[in-house]
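All heavy atoms count here, side chains included; hydrogens, waters and symmetry mates do not. In what follows, chains carry the letters A, B, and so on, assigned in the order in which the sequence lines appear, proteins first and then strands, with residues in each chain numbered from 1.
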Amino acid sequence: MVQATFDVRLLDSTYSVTPKKGVEGSKDREDVNVRLYGKTRENQSITIICPDFKPYFHIFWPTDALRKKLEEHEDVLSIKEVKKEYKGSIEDFLEVRVRAPWLVPKFRTEFELQHKTLVVKNIPEEILEQVRADPEFTVTGDARLARLTPTDRVYSQKLIRTYNLFQYMDKEEIEKFELKSVFFAADIVFTNRFIYDYDLDTCVRVTGELVDDPGEYTTEIVLKAEKFEQCPIFTPKLKIMSFDIESSIKYGNIYCICFTVYNEVDGTKEDRQFVSKFGVRGDNMSPAEEAERNEDERRLLADFVAEVRKLDPDVITGYNINNFDLQMLYDRSNALNPPPEGRKATAGEYMNFGRDSLGMSRRENRTTGFVTWDIKGRLLQDAWLSVKKELRPKREGLGYVSQQLFGDTKDNINSTRIDEEWTNRRDEVVKYCLKDAELALRILMHPRINTLNKLMDVAIPSRLPVKEVSGGQNRMIESLMIRMVDRENVIVPMASGETNDYEGGFVYDTKPGLWEWVIGLDFSSMYPSQIIKHNICFTTLVKNKAEAAHESPIGACFVSKEKRYGITPRMVEGLLNSRKEAKALMKKARQDGDMDAADYYNRLQNAIKILANATYGYFGAKFCRWPYSRYIAPSITSWARDEIRTVVASLESRGFTVIAGDTDSVFFTSKNHRDLDSCKMLGFQVQAEFSAGNMHLELEKVMERFFAHAKKRYFGKIIWPEETLLVRGYEPRRTDSFDLQSETMTQVFQIVLEGRPDEAVRFSKDIIDKTLKGKVDLSKLIISKSVNDFSSYDNPDSLVHVNVAKRLQEMGYEFTPGMKTPFVITNGSAQPIRAEPVIEGLEFTARPDYRYYAERLAMGLARITEAFGCDERTLMQGNSQRTLDLFGEEKPAPVAAPLVQKEVVKKVKTMSTLDMFM
DNA sequence: GGAGAACGGGG
DNA sequence: GTGTACGTTCTCC
């Protein structure tokens, strides 16, 4: 019985249900233990077994019958009457505590109220009158037969109780309501409920009893927790494993698994290789050989699992492991290990390389089919997804990205012919496999990607285990919100899934053209600031205008901060204040020369900003718990539109030219400010003028040249505060684009920003002309796409690349599903489009459809040249035209700006993810 | 113009 | 696991 105390950074949480001893037959016969996994301040891995904690939820004021039923229910441990605030009034609720988390959904299925309209017969006229007078109800019919429809199911229940309405209802109608109630807080992930109730942070000081025998756990320390306290935040060093698998697509077997484990503590790396003893499988193997090979592969997988458990990494990564490697481990282990007799095998159970004894688990999005994985106690981070998010590279392949980031690349193995390579160069394939694992690790750890540090940082203000913040971002908001709401005795509703489209940010109708000396300003934290400025919250929303201090442009009313300071503005203000603090600490650290600390505070302030901004998004999302989607998010955007419009109008009234603007930013230029110093001075002047209270308009950049084409499409040369290139909305397309297209686009950007639009037009026309005449390199016209199994397409014949793969097959080449297939378009006007495959070592004899390529080039380039009076058609006409007169005296846009500024408001759709606000 | 399919990436 | 969770581009109506 050794007591110990540790400071722990939490990484993940799970729970277990185990029988209690000596209480058989009692209702409370099990321990429900949350298990927290993390890393101590001394960088040791730890499993924390938390004290018994039972799930609970709230239901609205039930009937006596339902209350009795619950009291006697064999899975209900206790019920308790509680008073909580709901939609501005204090109401009666019942807190129901049940035996185990998995029972909560069962209670919901059985007892959740599904109806709200009450059908009543022969109701006394005076009751009906009172219901008619209630703004929450719509009444149809008359006293003989009336339908009473409330805005909300809670009010049906309340009405029944207030007027004892069952006496006026049919048996059938009573059944819909009698043993039912509205549920609250019954969809909070159980381990999160524990974290909120114990008010844990991402770091926690835990005291308890050391467990000698780690049993199923793989961590260095296993502790039975008795006490939790606060502790200073820290970021421990992690152990990161990156792995890769080589396998035969044709036969489905695994050839080898390699991994490298990097320990941040001392910078060491350990490599492991698990290699099959056998060569390529044949088509007609004897059952004996089959069995022998399967046994070998089972050994390989078991060795892999044992070694991961032994080395106990905190993070598992690799390249495209979500879609490939993890799926492979899962499928293969299931296939090789048939269910034990008399028991159904749990999928993934043999791949139990998590920090408990359970296997890997698979989660599939029902609508998109996107698969993600979970391994208990360890973070799972696909380096490919990190690359997509942070870099948005043109190509996303491991080799290309490694080359871009650090000039290294994959070994020279042809992975599309892995069976052949395995036969001829087995050792090199194993080396290649390990190299891939190393590259993925280096990518994940690269300063420009740095996903792990970012996750660790966001977890701090979110007050959650790190794994929680790598998934749905709504948990970050709820972590803060639910704790505040609980503390103030406000009921926590369940997400209704209700959707509501509303108007989003203000988008100024861009004045296209090439501009010089452009000043860019934006409001910092526009949406959070609006929440604070107008005290916007579900706790401050009122129907009565007379009570309100703030009425939003869409007509929602909120009381003053003095009357009731809303939970949401308080939360957001807290975030913005701690961001200020972090920024101050960053500055101080920088002055003290502590660059590591400065870097940390910089990441922290950024993480807090993300959280503050996501708060608005939460109220517009369909998974928002507070059912005010028609008021809160639309009010925030409407006030924001007013704010930025005021700035635009004021600038224009003084004769400045506003060129572009979006949500919280504005770009403008002045005839009288034609150098950096005067632009800066004007920018700061405007900044001071529009910064008041908690609204801050900031001078963000001065651009020497700025090209605007349309809403959200522009590029420019920033010269202050730093010289950089700004490109928005012109990101080159991906693999279905051809090299000639992206190369030409980049060159045109450069020419335009050199101030030579005439030359940009000439250059564009020239390239298009050459393309039309077929004077371009064939290799620059190749389009490459991967082709999956033909049967996976609904309509394979309509897809060019699928037809190309079929042609390849007809020509006698081997086709493997998933293979990347290069081709050149030979007839772009046919339906479906015709193309010929490009085969290595074989001369391409077909004639490319040069017109098709020229048209696609023109389509892209015209987006830029249009501003100089040269549209797509003119581009196609070639260079025999007159020279264009492009620059005016003050060098504003050569194309006349529209006289009437059309204001375009984009509709925002209800979000399913908060990503776009981050 | 909106809904839904396909891609990407892995061997 | 007290869940429902890829981002973007293209095709088709």
Side-chain angles (χ1 to χ4, degrees), chain A residues 14-15 55-57 98 100-108 183-194 244-256 318-328 361 363-372 374 382-385 387-389 392-393 395-401 413-422 429 432-433 436 440 470-475 494-495 497 622-623 731 733-737 784-788 792-796 798-802 816-820 831-833 909 912-916:
Chain A
T14 63
Y15 72 86
Y56 65 90
F57 53 86
V98 299
W102 55 269
L103 291 165
V104 177
K106 289 193 152 189
F107 275 87
R108 248 160 57 190
F183 276 58
F184 290 85
D187 59 350
I188 298 172
V189 174
F190 176 64
T191 57
N192 288 8
R193 173 89 271 171
F194 177 87
D244 187 35
I245 290 178
E246 303 306 320
S247 65
S248 169
I249 292 292
K250 191 170 174 191
Y251 299 103
N253 63 300
I254 294 174
Y255 289 130
C256 67
Y319 212 75
N320 197 23
I321 53 175
N322 255 2
N323 294 317
F324 188 79
D325 303 70
L326 291 165
Q327 185 73 59
M328 192 78 202
S361 58
R363 293 179 292 182
E364 190 173 334
N365 179 328
R366 234 181 237 166
T367 48
T368 66
F370 192 81
V371 173
T372 50
D374 192 33
D382 192 326
W384 172 53
L385 292 177
V387 162
K388 280 164 74 107
K389 191 172 177 198
R392 296 167 161 272
R395 303 245 165 185
E396 298 167 351
L398 179 59
Y400 177 85
V401 173
I413 289 284
N414 185 347
S415 64
T416 61
R417 298 186 176 182
I418 198 73
D419 294 332
E420 215 172 285
E421 300 277 32
W422 188 251
V429 171
Y432 160 90
C433 180
D436 275 9
S470 57
Q473 297 94 337
N474 59 324
R475 298 252 176 93
M494 301 208 301
K622 71 171 189 200
F623 46 65
E731 282 82 6
R733 291 191 308 170
R734 308 226 278 244
T735 45
D736 59 337
S737 81
S784 194
K785 276 194 181 181
S786 53
V787 182
N788 295 320
S792 70
Y793 297 97
D794 286 348
N795 196 2
S798 70
L799 300 165
V800 211
H801 54 301
V802 178
T816 325
M819 203 166 86
K820 203 160 251 147
Q831 199 56 257
I833 291 173
K909 273 208 164 178
S912 57
T913 157
L914 295 180
D915 237 2
M916 65 179 301

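- A:R108 comes within 4.0 angstrom of the backbone, heavy atoms only, and of no base.
- For the pair A:Y251 and B:dG11, the criterion of a side-chain N or O lying under 4.0 Å from OP1 or OP2 is not met.
- The separation of C:dT8 from B:dG11, taken at their C1' atoms, amounts to 25 Å, rounded to a whole angstrom.
- Evaluation of the side-chain hydrogen bond (donor to acceptor under 3.5 Å, both in side chains) rule for A:Q327 yields A:D331, A:R362 as partners, not counting sequence neighbours.
- Judged by distance alone, the side chains of A:D419 and A:Y255 do bring a donor and an acceptor atom under 3.5 Å apart.
- For the pair A:L385 CG and B:dG10 P, the computed distance is 12 Å after rounding to whole Å.
- A straight line from OH of A:Y319 to P of B:dG8 spans 13 Å, rounded to a whole angstrom.
- Counting only heavy atoms from C-beta on, A:R363 has its side chain closest to C:dG1 among B:dG10, C:dG1, C:dT2.
- A:S247 comes within contact range of the sugar-phosphate backbone alone, with a heavy-atom separation under 4.0 Å but no base atom that close.
- The distance between atom CZ of A:R193 and atom P of C:dT2, rounded to the nearest whole Å, is 13 Å.
- Within 4.0 Å of A:I188, counting heavy atoms only, lies at least one base atom of the nucleic acid.
- Within the 4.0 angstrom heavy-atom criterion, no nucleotide atom of any strand lies near A:I413.
- Taking atom CH2 of residue A:W422 and atom P of nucleotide B:dG11, one finds them 13 Å apart after rounding to whole Å.
- Among the heavy atoms of the strands lying under 4.0 Å from A:Y15 are primed sugar atoms or P, OP1, OP2 only; no base atom is included.
- Within 4.0 Å (heavy atoms only), A:N322 reaches no atom of the nucleic acid at all.
- Using atom P as the reference point in both C:dC6 and C:dG1, the two lie 14 Å apart (nearest Å).
- At a threshold of 4.0 angstrom between heavy atoms, the contacts of A:D382 with the nucleic acid are absent.
- Following rounding to the nearest Å, A:N192 (CG) and C:dG1 (P) show an atom-to-atom distance of 10 Å.
- Here A:F324 contributes atom CZ and A:I249 contributes atom CD1; the two are 4.5 Å apart, rounded to the nearest 0.5 Å.
- With distances taken from any side-chain atom of A:W384 to the nucleotides B:dG11, C:dT2, B:dG8, the minimum falls on B:dG8.
- At whole-Å resolution of the value, CZ in A:F324 and C1' in B:dG10 are 5 Å apart.
- Out of C:dC6, B:dG11, C:dG1, the shortest distance to the side chain of A:Y432 is found at B:dG11.
- Residues that satisfy the side chain to side chain contact (heavy atoms under 4.5 Å, CB included) test with A:V189, not counting sequence neighbours, are A:T191, A:N192, A:R475.
- Side chain of A:F190, nearest nucleotide from B:dG10, C:dT2, B:dG8: C:dT2.
- Among the nucleotides C:dT2, B:dG11, B:dG8, the one closest to the side chain of A:K388 is B:dG8.
- Nucleotide B:dG10 holds its P atom 13 Å from the OH atom of A:Y400, rounded to whole Å.
- Rounded to the nearest 0.5 angstrom, A:L385 CG and A:E396 CD are separated by 9.5 Å.
- Note on A:I321: nothing from the nucleic acid sits closer than 4.0 angstrom, heavy atoms only.
- Side-chain proximity of A:V104 to B:dG11, C:dT2, B:dG8: nearest is C:dT2.
- The separation between A:K389 atom NZ and C:dT8 atom P is 11 Å, rounded to whole Å.
- With hydrogens and angles disregarded, a donor-acceptor distance shorter than 3.5 Å links the side chain of A:D382 to the backbone of A:N320.
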